[in-house]
Amino acid sequence: INAGTITSKTITLAIAAGTGDTYIAAGKTDFDNTVSGFILGLDDSDSDLAKFYIGSTTSYFNWTGVAVNIVGATLTSGTIQTAASEQRIVIAGSDNTLRFFNASIEVLNIGVGTGGRLMDITLNATQTTGIFMAATADNSIGFSYSSSANVTNTGVFVELTGATNDGNCIRLDHDGSSGNGIFIENTGNAQGILIQRPSGTGTAVLLEILDQVATAGTSVKITCQSSS
């Protein structure tokens with residue numbers, strides 16, 4: 001066909017088994033990504049599946065007959081998601097966020113969030129642990145925060161604001177035979193630990209050390225190794 005117009009007609013591709021593929025193409029001669037171009041048709045060597053391959057060897061869009069594969073593409077707007085609803089992962093081009101949903105509830109948002117946050121985690125009855133870390137080797141660091149600039153920062157901030165919230169801001173369980181539950185190395189002039197109640201009507205003690213083991217050692221030990 002050198003030129004012409006097809007009006008209100010149908011072109012149907014078909015295969016005689018074992019005689020080869022049927023396709024419309026430019027550049028490509030098989031359903032792969034070894035050369036640039038496009039190919040649309042039926043693959044005789046793969047159960048006569050209808051396929052569509054377009055792109056180069058490094059950037060391409062493939063309909064393989066059973067799945068869509070996209071490699072090397074740039075998303076400038078729009079949304080990519082693993083499902084239309086319920087449990088899913090959503091990449092939103094409108095605000096450059098990566099969101100994870102447990103059913104209809106968003107449990108993790110990574111991106112430019114509200115309040116200057118880069119990550120928001122929402123826990124619920126199903127998703128009860130925000131971050132779980134496990135180590136199988138020595139000298140591992142579960143969380144590391146470093147600030148070398150001459151600014152005022154907070155390394156970790158935990159806040160419980162509910163009036164009836166009886167949980168723990170921070171809980172440490174140490175079952176080892178040695179080591180420290182909390183280790184603070186202070187080489188500057190800052191305070192090691194500050195506990196304060198700046199406002200409110202609370203009357204509970206600010207610091208309580210409870211030793212419930214009959215054979216436990218010293219509950220509090222303070223050692224000063226400097227001469228001043």
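Predicted, not measured: the structure shown is a model, and the values here were computed from it.
Residues that satisfy the side-chain contact (heavy atoms from CB on, under 4.5 Å) test with Ile141, not counting sequence neighbours, are Ser144. Partners of Lys28 under the salt bridge (Lys or Arg N to Asp or Glu O under 4.0 Å) rule, at least two apart in sequence or in another chain, do not exist in this structure.
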Step-by-step side chain to side chain contact (heavy atoms under 4.5 Å, CB included) determination, Thr82 to Ile89
CA-CA 6 Å; Thr82 57; Ile89 300 173; 4.1 Å; yes
Set out, in order, the CA-CA distance, both residues' side-chain angles and the distance that settles side chain to side chain contact (heavy atoms under 4.5 Å, CB included) for Ile131 and Ile121, then state yes or no.
CA-CA 9 Å; Ile131 298 176; Ile121 300 175; 3.9 Å; yes
Apply side chain to side chain contact (heavy atoms under 4.5 Å, CB included) to residues Leu108 and Met119 and explain how you reach the verdict.
CA-CA 7 Å; Leu108 175 60; Met119 179 185 296; 3.6 Å; yes
After noting the C-alpha distance and the side-chain angles of Asn33 and Asn62, does the key distance pass the side chain to side chain contact (heavy atoms under 4.5 Å, CB included) rule?
CA-CA 9 Å; Asn33 301 295; Asn62 295 161; 2.9 Å; yes
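Looking only at atom types and distance, the side chain of Asn102 has no donor-acceptor partner in the side chain of Thr126 under 3.5 Å away.
For the residue pair Thr203 and Arg197, the shortest heavy atom distance occurs at C-NH2, 4.1 Å. Shortest non-hydrogen contact noted between Tyr145 and Ser147 is OH-CB, 3.9 Å.
Residues Ile182 and Leu172 are in side-chain contact: their nearest non-hydrogen atoms beyond the backbone lie under 4.5 Å apart. Inter-residue side-chain proximity for Leu123 and Thr128 is flagged as unmet; no heavy-atom pair is nearer than 4.5 Å.
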Please tabulate, for side-chain N and O atoms in residues 64-75, each donor-acceptor pair with protein atoms closer than 3.5 Å (sequence neighbours left out).
from: Thr64; atom 1: OG1; to: Val66; atom 2: N; distance (Å): 3.4
from: Thr64; atom 1: OG1; to: Ala67; atom 2: N; distance (Å): 3.1
from: Thr64; atom 1: OG1; to: Ala67; atom 2: O; distance (Å): 3.2

Determine all donor-acceptor pairs shorter than 3.5 Å in which one atom belongs to a side chain in residues 8-26; sequence neighbours excluded.
from: Thr19; atom 1: OG1; to: Ala16; atom 2: O; distance (Å): 2.5
from: Asp21; atom 1: OD1; to: Asp44; atom 2: N; distance (Å): 2.7
from: Thr22; atom 1: OG1; to: Ala14; atom 2: O; distance (Å): 2.7

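Here the side chain of Ser56 pairs a donor or acceptor atom with the backbone of Ser59 at under 3.5 angstrom.
Note that the SG atom of Cys169 and the CD atom of Glu159 stand 8.0 Å from one another [nearest 0.5 Å]. Between the CH2 atom of Trp63 and the OH atom of Tyr53 there is a distance of 10.5 Å, given to the nearest 0.5 Å. Considering OG1 of Thr122 and CD of Gln127, their distance stands at 10.5 Å, rounded to 0.5 Å. For the atom pair CZ (Phe143) and CE (Met133), the distance works out to 7.5 Å, reported to the nearest 0.5 Å. Note: Glu208 CD to Leu206 CG = 11.5 Å, rounded to the nearest 0.5 Å. Rounded to the nearest 0.5 angstrom, Lys51 NZ and Asp32 CG are separated by 9.5 Å.
Hydrophobic clustering places Val158 together with Leu207 (ILVMFWY residues linked when any side-chain heavy atoms are closer than 4.5 Å, directly or through intermediates). When the side chains of ILVMFWY residues are joined at heavy-atom separations under 4.5 Å, either directly or via intervening members, Ile80 and Leu98 end up in a single hydrophobic cluster. Linking ILVMFWY side-chain heavy atoms closer than 4.5 Å, directly or via other members, places Ile193 and Val205 in two distinct hydrophobic clusters. A single hydrophobic cluster is not seen to contain both Phe38 and Phe31; linkage of ILVMFWY side chains at heavy-atom distances under 4.5 Å, directly or through other members, places them apart. When hydrophobic clusters are built by joining Ile, Leu, Val, Met, Phe, Trp and Tyr residues whose side-chain heavy atoms come closer than 4.5 Å, directly or via intermediates, Ile91 is grouped together with Val107.
The side-chain hydrogen bond (donor to acceptor under 3.5 Å, both in side chains) pairs that include a residue from residues 175-192 number zero, where partners must be two or more places apart or lie in different chains.
Members clustered with Phe101: Val90, by chain and number, using a 4.5 Å side-chain heavy-atom cutoff among hydrophobic residues.
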